[in-house]
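Worth knowing before you read on, the calculation uses all heavy atoms, side chains too, and leaves out hydrogens, waters and symmetry mates.
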Amino acid sequence: LLVDCADRIAGLDFYTGFTVAGPGGEWIVSRTGYTGEHGYEIYLPNIDAVAAWEELMDKGADLGVAPIGLAARDTLRFEVCYCLYGHELAEDVTPLEAGIGWAMRLKKPNFMGQAALLAQKAAGVPRRIVCLEVTGRGIARQGAKVLVGDREVGVVTSGTFSPTLKKPLALA
C-alpha cells in the first residue's frame with residue numbers, strides 16, 4: 001500500500017498529510033515528524049500494523065531502513081532544540097515560554113488559555129526554554145539546577161548525549 005503512495009509521500013510538504021484506504025480502515029500519512037529530519041508518520045488501525053511493519057522492513061531493506069527507538073528520536077530533537085511534551089512542554093509551561101509561539105494563532109477567536117497567553121505576551125515572557133551544551137563529564141538530568149555562579153537561574157527539563165555532535169546537551 002505504501003509503495004503505491006510513494007509519489008504522494010515524496011510530494012508532502014512539512015506539516016501536511018493525506019489519507020488512504022487501508023485493508024483495515026483509513027490510514028493517515030503525514031510529514032509531521034518531530035526530529036528535525038525529513039521524516040514521515042503513519043497512523044493506521046492496529047489490525048494493519050504488523051503487515052505494514054513487515055512491508056516497510058522488506059521493501060526498505062535496500063535503502064537501509066531499520067527500526068530505531070525513542071532514544072534516537074530524543075538525540076535528534078536535542079540537536080535541533082525541539083521540545084517534548086512532559087518535559088519542555090507541560091501544563092505549567094506556556095507555548096510562549098517553550099519558544100513555540102509560532103505554532104499557535106493568538107488571534108484565533110476564543111480558545112482556552114487565550115487571555116492568559118495574550119497577557120503573558122504583553123507583559124513579557126518571564127522564562128524561556130533554552131538549549132545548553134554541557135561541559136565537563138556527565139549528562140544533565142531532568143530536575144537538575146542550572147546555575148550561573150552560585151545563583152540558580154533555571155532547571156533542566158531534559159538532557160542526553162548527542163552521538164552526532166559527540167557532546168552532552170540539555171534543555172532547561
Side-chain angles (χ1 to χ4, degrees), residues 9-17 28-43 49 53 56-57 60-108 111-172:
I9 293 170
L12 282 175
D13 288 327
F14 198 56
Y15 288 122
T16 63
I28 300 170
V29 179
S30 65
R31 185 169 170 212
T32 54
Y34 201 62
T35 62
E37 297 295 320
H38 186 129
Y40 304 91
E41 292 181 353
I42 303 166
Y43 305 86
W53 177 264
L56 282 168
M57 292 299 103
D62 60 331
L63 299 172
V65 171
I68 62 167
L70 288 176
R73 186 256 350 246
D74 256 358
T75 60
L76 290 170
R77 81 173 178 88
F78 267 93
E79 291 167 1
V80 292
C81 298
Y82 282 176
C83 300
L84 182 65
Y85 191 80
H87 297 272
E88 294 74 37
L89 304 171
E91 289 183 18
D92 64 339
V93 180
T94 73
L96 297 172
E97 293 168 336
I100 60 165
W102 55 266
M104 60 180 188
R105 293 184 315 197
L106 285 174
K107 293 181 181 177
K108 182 180 176 182
F111 62 88
M112 187 183 313
Q114 181 183 35
L117 290 168
L118 287 168
Q120 185 178 60
K121 185 174 181 181
V125 180
R127 60 186 184 161
R128 302 259 182 183
I129 297 292
V130 297
C131 306
L132 302 173
E133 176 183 330
V134 178
T135 58
R137 295 183 45 158
I139 295 171
R141 296 295 182 192
Q142 184 172 359
K145 294 177 183 177
V146 177
L147 304 173
V148 172
D150 58 357
R151 186 173 65 103
E152 184 176 340
V153 296
V155 64
V156 171
T157 53
S158 49
T160 193
F161 182 82
S162 166
T164 306
L165 300 174
K166 300 193 179 1
K167 55 186 159 186
L169 303 175
L171 291 166

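Atom CG of Asp150 is surrounded by 12 or fewer heavy atoms from other residues, nucleotides or ligands within 6.0 Å. A 6.0 Å sphere centred on CD of Glu152 holds more than 12 heavy atoms belonging to other residues, nucleotides or ligands.
What you find for Leu147 and Gly149 is that their closest heavy atoms are CB-O, 3.6 Å. Leu12 approaches Val29 most closely through the heavy-atom pair CD1-O, 4.1 Å. Of all non-hydrogen atoms in Gly159 and Ile139, the two that sit nearest each other are C-CG2, 3.7 Å. The minimum heavy-atom distance linking Ala140 with Ala170 is given by the pair CB-CB, 4.0 Å.
Considering CD1 of Ile129 and CD1 of Ile100, their distance stands at 10.0 Å, rounded to 0.5 Å. Atoms CG and CD, on Asp74 and Glu79 in that order, are 11.0 Å from each other to the nearest 0.5 Å. Note that the NZ atom of Lys108 and the CD atom of Gln114 stand 9.5 Å from one another [nearest 0.5 Å]. Thr164 contributes atom OG1, which lies 6.5 Å from atom CG of Leu76 (distance to the nearest 0.5 angstrom). Taking CG from Leu169 and SG from Cys131, the interatomic distance works out to 8.5 Å, rounded to the nearest 0.5 Å. Distance check, rounded to the nearest 0.5 Å: CD1 of Ile9 to OG of Ser30 gives 10.5 Å.
When each of His87, Gln142, Arg141, Glu88 is paired with Ser158, the side chain to side chain donor-acceptor pair (under 3.5 Å) condition holds for Glu88 and for no other. None of Arg127, Met104, Arg128 except one satisfies the side-chain contact (heavy atoms from CB on, under 4.5 Å) rule with Leu96; the exception is Met104.
The shortest distance between side-chain heavy atoms of Val93 and Tyr85 does not fall below 4.5 Å. Taking 4.5 Å as the limit, some side-chain heavy atom of Leu117 sits within range of a side-chain heavy atom of Leu106. Residues Leu171 and Cys83 are not in side-chain contact: their nearest non-hydrogen atoms beyond the backbone lie 4.5 Å or more apart. Inter-residue side-chain proximity for Val65 and Met57 is flagged as met; some heavy-atom pair is nearer than 4.5 Å. Proximity of Leu56 to Ile42: side-chain heavy atoms (C-beta onward) are separated by under 4.5 Å at one or more points.
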